[in-house]
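Residue numbers begin at 1 in each chain, while the letters A, B, ... track the order of the sequences.
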2 protein chains.
Amino acid sequence: MIFAMSLGPGSLAEVAALLGDPARAHMLDALMDGRALTATELALAARVAPSTASAHLAKLEDARLLTLLKQGRHRYYRLASPLVGRMLESVMAVAAVQSPARHRPPTPRDAALGLVRTCYDHLAGRLAVGIADALQQRGYLALEDEAGALTEAGTRFLQKFGLDLDLEQKRRRSFCRPCLDWTERRMHIGGAVGAGLARRCLELGWLERRRDSRALKVTPLGLEGFRHSFDLDATLPGAGAKPAAKGATGR
Amino acid sequence: MIFAMSLGPGSLAEVAALLGDPARAHMLDALMDGRALTATELALAARVAPSTASAHLAKLEDARLLTLLKQGRHRYYRLASPLVGRMLESVMAVAAVQSPARHRPPTPRDAALGLVRTCYDHLAGRLAVGIADALQQRGYLALEDEAGALTEAGTRFLQKFGLDLDLEQKRRRSFCRPCLDWTERRMHIGGAVGAGLARRCLELGWLERRRDSRALKVTPLGLEGFRHSFDLDATLPGAGAKPAAKGATGR
DNA sequence: CTGTCGTTTCGGCCGGGAACGAAGCGTTTC
DNA sequence: GAAACGCTTCGTTCCCGGCCGAAACGACAG
């Protein structure tokens, strides 16, 4: 039998087929913020019966896309590695590009997701793109299709902002991965810098996690902080007072 | 109906399902070298009847994963964008990691693929990893999990080697994307630098495309060139004379 | 020990979609 | 014009795999 390649297209299909089921896709999407969720939570996210969810999770774990953490009578699942997260990102990026806003009933909760959410370990959404834009405009950052890099001025700026880039930077000369946003269709900051930025924003109390969603809440403190540090308006359009500098988010 | 998210996990599943069929996966894999192939060639690659292939190709084109070029009575398909290529890469990277050499009947033709092949627009395989290693060892390159960058010395070296990095470099400060190799499980050079390197090796006549495979042929000229410029032994293990400096490829 | 909760296993149902062959359409060659 | 070729459309078959509910299992709480 020569027709079975030892690796390659065969296993490509196997992995992709796992992502190709709507229920599993919803589960993986729910896990994309990096947290560990229980089987029931994932069943809820996928809108299937617990028994169905169990079968799906067994497959995903068997394929090493998820890792399992048994804790009492709960079973916590999480993405097996950043590699898996990046794979999901890249598929979503393609999905976003090739489906040019087919049907657009912009759900109310989508608005929150569109403003700012987590993307595995970093920030995504309008705010994240805005941050990337602001840093680029000031010459702190160069973000291209395939790679990104901080300038020295940018490194100093982010260190002053509270990121500890020194350790990382000694090991790796460049660690700022561009990530295509599926709502904005624009690049934002992933990689180590993106993760650090997200961590710092949560640490400062500018953003808060929500229990039920990947969307993040911008605190009043954050509203002021983003305006002051990045010249960004982090309000939801149509919610509350009209922004003073409306152009800031749109750009 | 609140249960239908406008974008996100739904379209993730849609795209992934397209990759999840073995026949389509084989087609996409065949297209991963960036060339355009006809419908019959793809049918052959996927080992399905022309009518079946036609249906698959229609779906892939409809989803904008492939673009169609009509030419006479032939229909040439190719990957719609580098984004699609990168998505396939990332899925294969996961597939390679999570299937730890399940069944290993190392096909003879796999040996050629393992040595050097194209990966969308750049080189992959043992030789490509070797090149990346050599450049890193000389301090020309820093390649990490999420990003990579040339040093100034590395830029000069590659320019002397015949890559025209000037144009690119003015536009983008950093453009050297690391790409996980599914045979070697090591990083090699993708992005603009990787593409340039591949182009230059073909241009120099060091490597030649094969008609039927993504594997490349190392010419005698290339054998000497790789040894001289990168201190690499580009022979197939077990084929021909034993390499003089065996450690060079293994590292 | 008994009940509750989180999770898995089993059995059965059902639909989507991948496969093929035959026939049709457009293009090139002789 | 006829024949060969490349590809698609149509109609049919068929099987894989997702779904659920019922029941079993293990863990914790009372």
Does any non-hydrogen side-chain atom of [Y] lie less than 4.5 Å from one of [X]?
X         : Y         : value
Leu65(A)  : Leu19(A)  : yes
Val218(A) : Leu207(A) : yes
Met92(A)  : Glu89(A)  : no

Taking [atom1] from [X] and [atom2] from [N], how many angstroms apart are they, rounded to a whole number?
X        : N       : atom1 : atom2 : value
Leu42(B) : dG6(D)  : CG    : C1'   : 13 Å
Leu57(B) : dG6(D)  : CG    : P     : 15 Å
Lys70(B) : dT28(C) : NZ    : C1'   : 16 Å
Leu68(B) : dG26(C) : CG    : P     : 17 Å

Just checking, any donor-acceptor pair under 3.5 angstrom between side chains of Glu41(B) and Thr38(B)? yes
Classify the nucleic acid contact of Tyr76(A) as base, sugar-phosphate or nothing, counting any heavy atom under 4.0 Å across all strands shown. nothing
Inspect the contact between Asp29(B) and Arg214(B) and indicate whether a charged nitrogen and a carboxylate oxygen are less than 4.0 angstrom apart. yes
Contacts under 3.5 Å, N or O only, protein and nucleotides 16-21 of chain C:
from: dA18(C); atom 1: OP2; to: Arg24(B); atom 2: NH1; distance (Å): 3.2
from: dA18(C); atom 1: OP2; to: Lys59(B); atom 2: NZ; distance (Å): 2.7
from: dA19(C); atom 1: OP2; to: His56(B); atom 2: NE2; distance (Å): 2.4
from: dC20(C); atom 1: OP2; to: Ala49(B); atom 2: N; distance (Å): 3.0
from: dC20(C); atom 1: OP2; to: Thr52(B); atom 2: OG1; distance (Å): 2.9
from: dG21(C); atom 1: O6; to: Ser51(B); atom 2: OG; distance (Å): 3.2

Would you call the rings of Phe226(A) and Trp206(A) parallel, tilted or perpendicular, where under 30° means parallel and over 60° means perpendicular? perpendicular
Restricting both atoms to N or O, compile the protein contacts to nucleotides 23-30 of chain D shorter than 3.5 Å, with distance only.
none

Are the side chain of Arg200(A) and the backbone of Gly196(A) linked by a donor-acceptor contact shorter than 3.5 Å? no
